[in-house]
Amino acid sequence: QVQLVESGGGLVQPGESLRLSCAASGTIFSINAMGWYRQAPGEQRELVATATNGGSTNYADSVKGRFTISRDNTKNMVYLQMNSLKPEDTAVYYCNANIRSNFDTGYFDVWGQGTLVTVSS
């Protein structure tokens, strides 16, 4: 059993910053990619940023230069530093991880329960 728990969401004003955290726990042999996705009301879930265990990162064009994803592989955690937040960043942010529970099993995706980020004046 593996679970992801996000934290750090909240209400901020435009231009302010937030840092999201996500911790993976349970039976984990290795983690490949970890990332953040978001879903605004009435919209589909979209990729925000991903990071491989080798350190490669990928960002949505809408957040490049403002958001930074990072990982602590010793703690099975991933972070999203969000700066210069805009009202259009308002969404539920979900953590995702591609995990292998044992050396002889394949990777599978796990999702967190989501954390709400609201950017409003």
Side-chain angles (χ1 to χ4, degrees):
Q1 199 82 333
V2 178
Q3 66 174 16
L4 302 179
V5 178
E6 302 107 332
S7 61
L11 171 64
V12 295
Q13 295 188 348
E16 295 186 337
S17 299
L18 272 179
R19 187 185 191 223
L20 305 183
S21 300
C22 172
S25 63
T27 304
I28 299 171
F29 179 75
S30 66
I31 302 178
N32 189 5
M34 299 185 81
W36 292 93
Y37 292 73
R38 67 186 181 187
Q39 187 167 18
E43 303 289 334
Q44 290 190 336
R45 191 174 297 188
E46 63 176 5
L47 179 147
V48 177
T50 60
T52 68
N53 58 6
S56 297
T57 58
N58 181 49
Y59 294 92
D61 288 342
S62 60
V63 306
K64 283 181 181 176
R66 300 187 298 122
F67 291 10
T68 302
I69 188 171
S70 60
R71 289 175 60 164
D72 184 339
N73 293 329
T74 65
K75 297 180 180 178
N76 291 335
M77 294 195 68
V78 63
Y79 307 95
L80 186 68
Q81 177 66 42
M82 305 185 292
N83 299 329
S84 302
L85 282 160
K86 304 176 181 180
E88 50 263 44
D89 294 317
T90 295
V92 177
Y93 284 70
Y94 295 91
C95 177
N96 169 269
N98 191 238
I99 292 174
R100 188 164 62 164
S101 291
N102 288 292
F103 72 96
D104 59 350
T105 61
Y107 285 92
F108 57 94
D109 277 339
V110 181
W111 291 89
Q113 80 287 351
T115 185
L116 178 62
V117 172
T118 304
V119 185
S120 175
S121 55

Report task. Kindly compute the distance separating CG (L85) from OG (S17), expressed to the nearest 0.5 Å. Result -> 6.5 Å
Query - V2 versus S101, closest heavy-atom pair with distance - result: CG2-OG, 3.9 Å
Report task. For atom CD of Q1, decide whether the heavy atoms of other residues, nucleotides or ligands shown that lie under 6.0 angstrom number more than 12. Result -> no
Query raised in the report: Under a 4.5 Å cut-off applied to non-hydrogen side-chain atoms, are P14 and P87 in contact?
Result: yes
Query raised in the report: If only atom types and distance count, is the side chain of D72 paired as donor or acceptor with the main-chain N or O of T74 below 3.5 Å?
Result: yes
Query raised in the report: Taking E6 for the side chain and S21 for the main chain, is one N or O donor matched with an acceptor at less than 3.5 Å?
Result: no
Query raised in the report: About how many Å separate OG of S62 and CZ of F67, when rounded to the nearest 0.5 Å?
Result: 7.5 Å
Query raised in the report: F108 ring centre to R100 NZ or CZ under 6.0 Å, with the angle to the axis within 45°?
Result: no
Report summary line: Rounded to the nearest 0.5 angstrom, the CG-CG distance for D109 and N96 is 4.5 Å
Query raised in the report: Do the side chain of N58 and the main chain of A49 share a donor and acceptor less than 3.5 angstrom apart?
Result: no
Report task. Could you go through the side-chain contact (heavy atoms from CB on, under 4.5 Å) check for C95 and W36 one step at a time? Result -> CA-CA 5 Å; C95 177; W36 292 93; 4.0 Å; yes
Report task. Validate the cation-pi geometry between R45 and Y94: distance from NZ or CZ to the six-membered ring centre under 6.0 Å, angle to the ring axis within 45°. Result -> yes
Query raised in the report: Y79 versus R19: any side-chain heavy-atom pair under 4.5 Å?
Result: yes
Query raised in the report: Could you go step by step and tell me if L80 and Y93 meet the side-chain contact (heavy atoms from CB on, under 4.5 Å) rule?
Result: CA-CA 10 Å; L80 186 68; Y93 284 70; 4.2 Å; yes
Query raised in the report: Same cluster or not: are V12 and V48 linked, directly or through other Ile, Leu, Val, Met, Phe, Trp or Tyr residues, by side-chain heavy atoms under 4.5 angstrom apart?
Result: yes
Query raised in the report: Which value, rounded to the nearest 0.5 Å, describes the distance between E88 atom CD and R38 atom CZ?
Result: 8.5 Å
Query - Qualifying residue, where the test is side-chain contact (heavy atoms from CB on, under 4.5 Å) with V117 and the options are D89, L20, T90, L11 - result: L20
Requested in this report: Determine yes or no for a side-chain-to-main-chain donor-acceptor pair under 3.5 angstrom, with Y107 supplying the side chain and I31 the backbone.
Outcome: no
Query raised in the report: When clusters are formed by joining ILVMFWY residues with side-chain heavy atoms under 4.5 Å apart, either directly or through shared neighbours, do V110 and M77 land in the same one?
Result: no
Query raised in the report: So, T57 side chain and A51 main chain: donor-acceptor pair closer than 3.5 Å or not?
Result: no
Report task. Of all the heavy-atom pairs spanning L4 and A24, show the shortest one and how long it is. Result -> CD2-CB, 3.3 Å
Report summary line: Closest heavy-atom pair, A91 versus L116, reported as atoms and distance to 0.1 Å, is O-CD1, 3.6 Å
Query raised in the report: In Å, rounded to the nearest 0.5 Å, how long is the span from CE of M82 to CD1 of I69?
Result: 11.5 Å
Report task. Check whether any side-chain N or O of R66 sits under 3.5 Å from a backbone N or O of S84 as a donor-acceptor pair, and report yes or no. Result -> yes
Report summary line: Rounding to 0.5 Å, atoms CG (N53) and CG (N32) come to a distance of 5.0 Å
Requested in this report: Return the minimal non-hydrogen interatomic distance between Q113 and V5, and the atom names on each side.
Outcome: OE1-CA, 3.9 Å
**Report entry** Common cluster, Y59/V78, ILVMFWY with side-chain heavy-atom separation under 4.5 Å
**Finding:** yes
Report task. Identify the heavy atoms of Q39 and Q44 that sit nearest to each other, and give their distance. Result -> CG-C, 4.0 Å
